[in-house]
Amino acid sequence: MSVDGMNYDNMFIRMLNRLGDAMILSLMFIIGSIPIVTIGTSMTATYYAAMKGVQGDDGYVFKNYIKSYKQNLKQSVIIWLIMAVVLFVFGVDLWFWLKQWQDARVSAAKPMIAVSVVLLAVAVFITMYVFPLQAKFDNKTSVQIRNAFLLSIKNFPTTLLLVVITAVIAWCFYYQVAISVVAFGLFGFGFCAYVYAYFMLNCLKPYLEPAPQVEPDAWSVDMEEDDETEVNADIEQEDVVEEENINDVEETTDDKKEEASEEEKV
């Protein structure tokens, strides 16, 4: 059914497909994160599959997830362990100075709280960007972390928006643990991955090379057609050359006849 040029049947089917992909992606993320040390790898693979889906490569969530998981297993584990340690240290540091201010009103606690908040925020920013970067770019671990920090600052409004979304998710788990576990386990993680992927692709767009939007089969057909066109053009060119040679021969024959007739007259 189409109203005002909008095909609601196709829209409905696309929504159902995207919901199904989100459910598959959520399940894959949970399974891939079970060893704990592979949470970063699972996040990288989830981002990769979600960004592929946002770019139009729907229906291949499982395939894209497995592909990225295998390719980024080792480096994503290293990045995750580094960021987990940094987040833990800065989180404990912030908690310590908050306790110092609440319990003893230590004068040095207030500036240290501010410093701890800034450091923890930077660590969170890097964590949000480093795994999408790992999904799209092949760089050293130190380069990925540095680029994640620079991108988070360059796209600060997007970073703040993602922080708000992350805070809402954390709030849901804090106040409604059971419902949140069920909802996010079914489709929530996948849905959030698609939301994050949309914003991340906008941030990474200037650094991504445009990929050809032609199907492989169609491309091969076009190439065959081009070859046929080139062959036909060569044949036509040969015909033209032959016609020119024939004309030259005819003109030469006519000239000889004229010369012969003039000699007879003389």
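Residue numbers run from 1 in the order of the sequence given.
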Would you call [X] and [Y] a side-chain contact if the rule is heavy atoms closer than 4.5 Å?
X	Y	value
Q176	C172	no
T41	W80	no
F125	L151	no
Q144	Q75	yes
F189	C192	no
L201	L208	yes
W97	W101	no
M83	I126	yes

Pair Y198, Y194 - check ring-ring contact (aromatic ring centres under 6.0 Å, His included), show working.
CA-CA 6 Å; Y198 174 79; Y194 279 110; over 10 Å; no
Y48 (side chain) donor-acceptor with Y65 (main chain) under 3.5 angstrom
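No, Y48 side chain to Y65 backbone: no donor-acceptor pair under 3.5 Å.
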Is [Y] reachable from [X] through a run of hydrophobic residues whose side-chain heavy atoms are each under 4.5 Å from the next?
X	Y	result
L25	Y196	yes
I31	I66	no
F62	L19	no

To the nearest 0.5 Å, what is the distance between [atom1] on [X] and [atom2] on [Y]?
X	Y	atom1	atom2	result
I79	K74	CD1	NZ	12.5 Å
I13	L16	CD1	CG	7.5 Å
I113	L94	CD1	CG	7.0 Å
L133	Y207	CG	OH	9.5 Å
D93	L119	CG	CG	7.5 Å
I165	L160	CD1	CG	11.5 Å

Candidate pair F131 and Y47, rule ring-ring contact (aromatic ring centres under 6.0 Å, His included), full reasoning:
CA-CA 7 Å; F131 296 109; Y47 276 122; 7.5 Å; no
Any chance CZ of F88 has more than 12 other-residue heavy atoms, nucleotides or ligands included, within less than 6.0 Å?
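Count not over threshold, so no.
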Should the heavy atoms of other residues, nucleotides or ligands under 6.0 Å from CG of D138 be counted, would the total exceed 12?
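No.
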When you look at F184 and F173, which way does the ring-ring contact (aromatic ring centres under 6.0 Å, His included) test go after all the steps?
CA-CA 10 Å; F184 280 87; F173 275 94; 5.1 Å; yes
Looking at every non-hydrogen atom in both residues, tell me the closest pair between S42 and M28 and how far apart they are.
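Of all heavy-atom pairs spanning S42 and M28, the closest is OG-O, 4.0 Å.
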Is it true that the side chains of Y69 and T46 contain a donor and an acceptor less than 3.5 Å apart?
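Checked: Y69/T46 side chains show no N/O donor-acceptor pair below 3.5 Å.
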For a side chain to side chain contact (heavy atoms under 4.5 Å, CB included) check, start with the C-alpha distance between M200 and V54, then their side-chain angles and the critical distance, and finish with the verdict.
CA-CA 11 Å; M200 288 298 173; V54 172; over 6 Å; no
Matching residue for Q134 among T44, N72, T141 - test: side chain to side chain donor-acceptor pair (under 3.5 Å):
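Single side chain to side chain donor-acceptor pair (under 3.5 Å) partner of Q134 among T44, N72, T141: N72.
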So Y129 and T159, side chain to side chain donor-acceptor pair (under 3.5 Å) or not? Walk me through it.
CA-CA 9 Å; Y129 279 84; T159 303; 2.8 Å; yes
